[in-house]
Protein chains: 2
Amino acid sequence: MDSIQARAAPPAAAPLVERRLLHEEVIDRLRDMIVQGELAPGSKLNERVLCERLGISRTPLREAIKYLASEGLVELLPNRGAMVAPLESETVQEIFAVLGSLEALAGELVCRNASDADIAEIRALHYQMVAHHARGELAQYFRYNQQIHIRLVECAGNATLAQIYRGLNAHVRRARYMANLSHERWDKAVKEHEEILDALSARDSKRLQSLLRDHLANKLVLVMEALNANEPRTKTG
Amino acid sequence: MDSIQARAAPPAAAPLVERRLLHEEVIDRLRDMIVQGELAPGSKLNERVLCERLGISRTPLREAIKYLASEGLVELLPNRGAMVAPLESETVQEIFAVLGSLEALAGELVCRNASDADIAEIRALHYQMVAHHARGELAQYFRYNQQIHIRLVECAGNATLAQIYRGLNAHVRRARYMANLSHERWDKAVKEHEEILDALSARDSKRLQSLLRDHLANKLVLVMEALNANEPRTKTG
DNA sequence: CAATAATTTTTTGTATGCAAAATTCAGAAA
DNA sequence: TTTCTGAATTTTGCATACAAAAAATTATTG
């Protein structure tokens, strides 16, 4: 029983870091399970099963589910519980349209507001990513790739923007679009990142916006391919 | 005891409209109370008090609070419950920056995707609004004003965009920025709406975007004034 | 055998109970 | 008075209990 548990240990001392609340722990844990694909899009969330898996009671689980429903990762089915939000190609296209707007805004703001240290940090992430690309380590590459985009938006200095961006990004990430990435396209994506980093370093807002837009368009193609590969069935199925 | 109650009436027949779930009812009810200012920004949400007021138990209330926390209208305080999200001028400015991007996108999409019926509906709302302006009915004017903006974004045909827009809009609306609207500014706002309607009718995307941006900028000024009027105290207080 | 009806089982929605944490408040010390 | 201190009270977080709804299973009929 090495699962999450409430009030297990006696108070050793004043906890330096606030003890995390169970339902918050569960929010993060569930979100991870959904984004990582452990809980597949469209699959039903059985409370009993999840409670056993997480070692908690239904109350914090249900609270976490409500939170994620508002985030859009979960859909509530009245009297029938909840399911992982399906990954419809239509919704994905909608999300990309919004992401485009948000990245454009982020591109403008980050050039104006990011500190040199911020940009240095993004550069460091970039070189990590390039190294993983050179070694053909796709999963690690993907991880740093994500981090770069997230960090770029965060460094724009608009927390509201960053939060919305992260939420939409999580939704799309479930498509596992990196799985079938050709060498050619991979190389191209890295090249695009080089240019993005250049524009950011020069704080060339217009160029950065344009590069981000093109990069996102290419990513959309990837995502749609992944989607069509996994669920080519129409609604008649 | 005419409050919301669970499973009160015996099944008269198959309910034509799905019986709403208690926690969903509470989500809407709480959101209204927050946006209407019945629950002030920064005020603590006492579960006992709210349960009594709504005539429900703590479980659905807490679930609703979690939902609204993800929406951003409520902030969770570990081991101390929750409070209505404060209305910081910094956050408001962030939100307006994002709203600007979203309205720009909406302006583009609505010109491309809205049906003539959609535009006719917005025009009808516009004339209702104008009538209330002529009669000096501020509250009603405000209501239609809101509806026009919401409907415009909805008619862009991107549900994700519309949902995010509504959420951010709700947050800002709490500022009650219409309260101290001068006659001069009111007239100007209506003029701006006339132009917006014109551009929409002509499906002139660029002009519409430009008009929406200016209109939003003016609104930001109003909101900031309302904010400074109500909480001019600095963080030292 | 298929199709429907009746029954059992499971699952969900809500209320309630209990313990930990936070808050309040009375009284003592400075 | 103001400022601690510590018990009483309130409030929160989580678990559990119970009833309604849905799903699965069995029984029944054509």
Side-chain angles (χ1 to χ4, degrees), chain A residues 1 3-30 39 42-70 74-84, chain B residues 1 3-30 39 42-70 74-84:
Chain A
M1 289 293 182
S3 52
I4 307 165
Q5 268 301 348
R7 299 176 173 87
L16 295 181
V17 179
E18 281 277 331
R19 207 189 67 75
R20 292 210 64 199
L21 258 28
L22 203 39
H23 61 255
E24 304 201 335
E25 204 85 49
V26 174
I27 288 169
D28 289 344
R29 198 89 167 56
L30 263 186
L39 295 172
S43 64
K44 208 159 165 311
L45 297 179
N46 183 305
E47 294 181 3
R48 187 181 48 77
V49 170
L50 284 173
C51 285
E52 283 170 14
R53 177 118 66 119
L54 299 174
I56 57 170
S57 80
R58 289 174 59 212
T59 306
L61 175 70
R62 286 178 59 93
E63 290 180 2
I65 287 174
K66 295 297 177 296
Y67 192 97
L68 293 173
S70 177
V74 160
E75 281 186 18
L76 302 177
L77 313 169
N79 284 315
R80 298 187 47 200
M83 69 174 182
V84 179
Chain B
M1 289 292 182
S3 52
I4 307 166
Q5 267 301 349
R7 300 177 170 86
L16 296 181
V17 179
E18 281 277 330
R19 207 188 66 76
R20 293 209 65 200
L21 256 29
L22 204 38
H23 60 256
E24 305 201 335
E25 203 86 50
V26 174
I27 288 170
D28 288 344
R29 200 90 166 54
L30 263 187
L39 295 171
S43 65
K44 207 158 166 316
L45 297 179
N46 183 306
E47 296 182 2
R48 187 181 48 76
V49 171
L50 284 172
C51 285
E52 282 168 16
R53 176 118 66 118
L54 300 173
I56 56 170
S57 79
R58 288 174 59 213
T59 306
L61 175 70
R62 284 177 59 93
E63 290 181 1
I65 288 174
K66 295 298 178 296
Y67 192 97
L68 293 172
S70 177
V74 160
E75 280 186 18
L76 301 177
L77 313 169
N79 285 314
R80 298 185 49 200
M83 70 174 181
V84 179

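Below, chain A is the first sequence line, B the second, and so on; all start at residue 1. Note that these values count all heavy atoms, side chains included, but never hydrogens, waters or copies made by symmetry. Being a predicted model, the structure only gives us computed values, none of them experimental.
As a whole-Å value, the separation of A:R20 CZ from D:dT12 P is 20 Å. The distance between atom CG of B:L77 and atom P of C:dA20, rounded to the nearest whole Å, is 22 Å. Residue B:N79 contributes atom CG, which lies 7 Å from atom P of C:dA21 at whole-angstrom precision. Atom CG in A:L22 sits roughly 14 Å away from atom C1' in C:dA19 (whole-Å rounding). The CZ-P distance, from A:R62 to D:dG13, rounds to 17 Å in whole Å. Distance, B:H23 NE2 to C:dT12 P: 12 Å, rounded to whole Å. Separating the CG atom of A:L21 from the P atom of C:dA20 is a distance of 15 Å, rounded to the nearest angstrom. In this structure, B:I65 places its CD1 atom 8 Å from P of D:dT12, rounding to the nearest Å.
For A:N46, there are no side-chain hydrogen bond (donor to acceptor under 3.5 Å, both in side chains) partners at least two apart in sequence or on another chain. Under the salt bridge (Lys or Arg N to Asp or Glu O under 4.0 Å) criterion, A:E47 pairs with A:R58, A:R62, sequence neighbours left out. In terms of the side chain to side chain contact (heavy atoms under 4.5 Å, CB included) criterion, residue partners of A:A82 (sequence neighbours excluded) are, by chain and number, A:L45, A:I65, A:V74, A:L76. In this structure, the salt bridge (Lys or Arg N to Asp or Glu O under 4.0 Å) partners of B:R48, at least two apart in sequence or on a different chain, are B:E52.
Of the candidates D:dA22, C:dA15, D:dA15, C:dA15 carries the atom nearest the B:P60 side chain, counting heavy atoms from C-beta on. Among D:dC14, C:dA15, D:dT16, the nucleotide with an atom closest to any side-chain atom of A:R58 is D:dT16. Residue B:S57 places its side chain closer to C:dT14 than to any other of C:dG13, C:dT14, D:dC14.
A:K44 places a side-chain N or O within 3.5 Å of a backbone atom of A:R80 that can act as its donor or acceptor partner.
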Distances under 3.5 Å between nitrogen or oxygen atoms of protein and nucleotides 8-11 of chain C:
from: C:dT11; atom 1: OP1; to: A:N46; atom 2: ND2; distance (Å): 3.1
from: C:dT11; atom 1: OP1; to: A:R48; atom 2: NH2; distance (Å): 3.3
from: C:dT11; atom 1: OP2; to: A:R48; atom 2: NE; distance (Å): 2.6
from: C:dT11; atom 1: OP2; to: A:R48; atom 2: NH2; distance (Å): 3.2

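Heavy-atom minimum distance, B:S70 versus A:Y67: OG-O, 3.2 Å. Of all heavy-atom pairs spanning A:L21 and B:N79, the tightest one is CD2-N, 3.7 Å.
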